[in-house]
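Quick notes on the structure that follows.
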2 protein chains.
Amino acid sequence: MTGLKSKQKKGLSRIQEKNRARIIDAALAEFSRHGYSGTTIDKIAASAGMSKSNLLYYFSSKSAIYEAALAHILDVWLDPLRGLNVDNDPAEELSHYIHQKMKMSAELPAESRLFANEVLQGAPRIRPVLENDLKRLIDEKTKVIQSWIDQGRIKAIDPVHLIFSIWSMTQHYADFEPQIVALTGKSLKDADFRDTAESTVLHLVLSGLGLKRRTGQDA
Amino acid sequence: MTGLKSKQKKGLSRIQEKNRARIIDAALAEFSRHGYSGTTIDKIAASAGMSKSNLLYYFSSKSAIYEAALAHILDVWLDPLRGLNVDNDPAEELSHYIHQKMKMSAELPAESRLFANEVLQGAPRIRPVLENDLKRLIDEKTKVIQSWIDQGRIKAIDPVHLIFSIWSMTQHYADFEPQIVALTGKSLKDADFRDTAESTVLHLVLSGLGLKRRTGQDA
DNA sequence: GTCTATACCCGGATAGAC
DNA sequence: GTCTATCCGGGTATAGAC
């Protein structure tokens with residue numbers, strides 16, 4: 001973690017800890033929908049069930065809340081990719097990764113939107129994290145994919161663009177959910193829809209790599 | 001066009017026409033980067049080279065500018081999909097579509113971001129357009145894909161999810177550009193990078209449909 | 001540690017001179 | 001058609017009582 005410190009809970013009381021957590025949750029929901037400028041401290045406070053001034057006691061400023069929310073999601077956000085293991089079966093590893101990403105789109109859509117929002121606006125606050133932590137992670141994982149290619153276990157493809165494709169296809173279901181609902185009447189909350197979505201992504205990726213889909217799809 | 005009227009230029013003078021166009025351009029750039037609440041009329045005016053009050057002479061309110069900008073991009077935005085023709089070769093049609101979408105990400109990133117921003121925030125203003133115009137278009141084009149499947153010209157796939165995949169993979173390069181730059185040091189402005197990106201998307205889609213890539217890639 | 005009151009500023013929008 | 005001046009609401013942040 002470079003730009004944003006993920007946790008600095010030194011000596012916080014139970015109630016402080018709990019209130020901070022409630023604020024972060026509320027902030028996540030608000031920021032992810034309305035962007036930074038579009039959300040007010042008042043709204044966050046209301047959503048967290050406390051007064052505006054009380055909230056300002058826990059966080060000194062609006063941007064402090066925003067950065068805390070951002071830092072809070074980063075770890076869980078980057079986690080699935082860390083699991084890609086070069087020693088395992090490529091089809092299994094990638095199926096698992098896609099499944100994890102789709103699960104996050106389904107269960108943590110606000111996190112996805114907040115991240116999208118931040119990047120869409122030029123990533124002013126998490127640029128350092130992207131350039132350092134995430135860059136290192138990507139360099140490591142593209143090597144994993146490249147070695148699968150070198151070993152002849154998957155067809156040749158550009159590893160970075162493959163990862164971008166997986167990111168975009170899976171996150172799309174969270175970030176563009178209103179459009180998806182408008183067009184299909186369904187979302188990832190619908191189990192069948194979610195299965196079809198995941199199957200489609202899985203199929204595109206695996207067949208692009210010359211792999212067959214495994215029978216049990218959630219590795 | 002249902003929710004937003006695309007053009008209502010009744011009897012505008014040359015200078016009015018020109019100033020309105022300049023405002024829309026400036027607004028597009030600002031809104032796409034900072035979102036609705038994050039952009040100020042002042043900024044738009046400055047970027048358009050006129051005073052705030054003068055701008056307010058042309059558009060009565062901030063939201064009027066926003067809606068005009070949104071309406072302005074919608075036609076060009078939905079245009080590529082309209083071209084999908086059931087009578088032509090699927091590989092050629094889809095290659096062409098992907099090429100068009102990638103071209104738009106490269107040449108009209110602000111348009112892409114504005115659209116993404118709007119949808120991300122719940123599509124409050126273009127929901128009607130999505131539910132009507134775009135819905136009709138999608139229904140029509142999924143039928144095209146489905147008939148290719150029925151004719152045995154491409155492998156079975158869910159047509160809607162296929163379209164979502166193409167949208168997400170191509171638009172990703174515009175919407176998440178800051179992240180892509182942070183990770184690769186390159187963007188679609190780099191010709192080689194753009195070729196590799198497009199090839200990867202093309203490869204994933206075509207191999208997923210059991211098709212071979214055509215030699216000339218821009219159909 | 002939590003609340004009320006308020007200072008302060010910024011941005012949207014209007015009035016009216018030129 | 002363009003400008004200056006200004007009003008006004010809303011939002012951040014602080015001071016200080018409890």
Side-chain angles (χ1 to χ4, degrees), chain A residues 8-70 114 117-118 121 124-125, chain B residues 4 8-71 114 117-118 121 124-125:
Chain A
Q8 78 266 50
K9 41 177 168 186
K10 295 266 168 158
L12 301 182
S13 70
R14 298 202 80 81
I15 176 169
Q16 280 174 329
E17 194 63 46
K18 178 166 149 276
N19 275 340
R20 284 181 64 96
R22 289 177 51 172
I23 293 170
I24 299 284
D25 278 353
L28 186 53
E30 292 296 324
F31 282 130
S32 74
R33 262 304 178 212
H34 311 291
Y36 182 79
S37 320
T39 81
T40 65
I41 297 182
D42 233 351
K43 283 261 202 61
I44 299 175
S47 167
M50 68 181 70
S51 70
K52 177 167 68 168
S53 330
N54 193 9
L55 186 152
L56 262 325
Y57 167 74
Y58 288 100
F59 291 92
S60 58
S61 72
K62 180 180 173 178
S63 71
I65 310 172
Y66 182 79
E67 278 163 25
L70 216 43
L114 181 64
N117 229 309
E118 167 69 13
Q121 319 219 332
R125 323 209 178 211
Chain B
L4 310 165
Q8 77 266 50
K9 41 176 165 186
K10 295 268 170 160
L12 301 183
S13 71
R14 297 202 80 81
I15 177 169
Q16 280 175 329
E17 194 62 45
K18 177 167 151 276
N19 274 342
R20 285 180 65 94
R22 290 177 50 171
I23 293 170
I24 299 284
D25 277 353
L28 186 53
E30 292 295 324
F31 282 129
S32 74
R33 261 305 177 212
H34 311 291
Y36 182 79
S37 319
T39 80
T40 64
I41 297 182
D42 235 350
K43 282 263 204 57
I44 299 175
S47 167
M50 67 181 70
S51 69
K52 176 167 73 165
S53 330
N54 193 10
L55 186 152
L56 263 325
Y57 167 76
Y58 288 99
F59 291 91
S60 57
S61 72
K62 180 180 175 179
S63 72
I65 311 172
Y66 182 79
E67 278 163 27
L70 216 43
L114 181 64
N117 229 311
E118 167 70 13
Q121 319 219 331
R125 325 210 177 209

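For the numbers below, each heavy atom of this structure counts, side chains included, while hydrogens, waters and symmetry mates do not. Model, not experiment: these values are computed from the prediction. Residue numbers start from 1 in every chain, and the chains themselves are labelled A, B, ... in the order their sequence lines are given, proteins ahead of strands.
Rounded to whole Å, the distance from CD on B:Q16 to P on D:dT2 is 8 Å. For B:N54 and C:dA17, the CG to P distance is 18 Å, given to the nearest whole Å. Atom CG in A:D42 sits about 12 Å away from atom P in C:dT4, given to the nearest Å. The nearest whole Å value for the distance from the CG atom in A:L56 to the P atom in C:dT6 is 18 Å. Put simply, CG on B:L55 is 12 Å from C1' on C:dA13, counting in whole angstrom units. Across the protein-nucleic acid pair, A:I41 atom CD1 and C:dT6 atom P stand 20 Å apart, rounded to whole Å. One can place NE2 of A:H34 at 15 Å from C1' of D:dG11, the figure rounded to the nearest angstrom. Atom-to-atom, CZ of B:F59 to P of C:dT14 comes out at 15 Å; the value is rounded to the nearest Å.
Remark: A:N19 is not in phosphate contact with C:dG1, judged by side-chain N or O atoms under 4.0 Å from OP1 or OP2. OP1 and OP2 of C:dT2 both lie 4.0 Å or more from every side-chain N or O belonging to A:S53. Checking the phosphate oxygens (OP1, OP2) of D:dG1, a side-chain nitrogen or oxygen of B:S13 falls inside 4.0 Å. For B:Y57 and D:dG1, the shortest distance from a side-chain N or O to OP1 or OP2 is below 4.0 Å.
The only option from B:R22, B:R14, B:R20 that meets the side chain to side chain contact (heavy atoms under 4.5 Å, CB included) definition with B:K18 turns out to be B:R22.
The side-chain contact (heavy atoms from CB on, under 4.5 Å) test applied to B:T40 returns B:D42, B:K43, not counting sequence neighbours.
Taking the side chain of A:K62 as heavy atoms from C-beta on, and the options D:dG1, D:dT12, D:dT14, the nearest nucleotide is D:dT12. Distance from the side chain of B:S51 is smallest to D:dC3 among C:dC3, D:dC3, D:dG1.
With hydrogens and angles ignored, a donor-acceptor pair closer than 3.5 Å exists between the side chain of B:K52 and the base of C:dG12.
Of the residues in residues 23-31 of chain B, none has a non-hydrogen atom less than 4.0 angstrom from any atom of DNA chain D.
Checking A:E118 against A:Y66 by side-chain atom types alone, a donor-acceptor pair falls below 3.5 Å.
Within 4.0 Å (heavy atoms only), A:S37 reaches no atom of the nucleic acid at all. A:S63 comes within contact range of no nucleotide atom at all, as no heavy-atom separation falls under 4.0 Å. Heavy atoms of A:Y58 sit under 4.0 angstrom from primed sugar atoms or phosphate atoms, though from no base atom.
Note that OG of A:S61 is 8.0 Å distant from CG of A:L56, once rounded to the nearest 0.5 Å. Summarising the geometry, atom OH belonging to A:Y58 is positioned 13.0 Å from atom CD1 belonging to A:I24; distances are rounded to the nearest 0.5 Å. In this structure, CG on A:L70 lies 9.5 Å from CG on A:L28, to the nearest 0.5 angstrom.
When all heavy atoms are compared, the tightest approach of B:G38 to A:S37 is CA-OG, 3.3 Å. For the residue pair A:N19 and A:M50, the shortest heavy atom distance occurs at OD1-CE, 3.8 Å.
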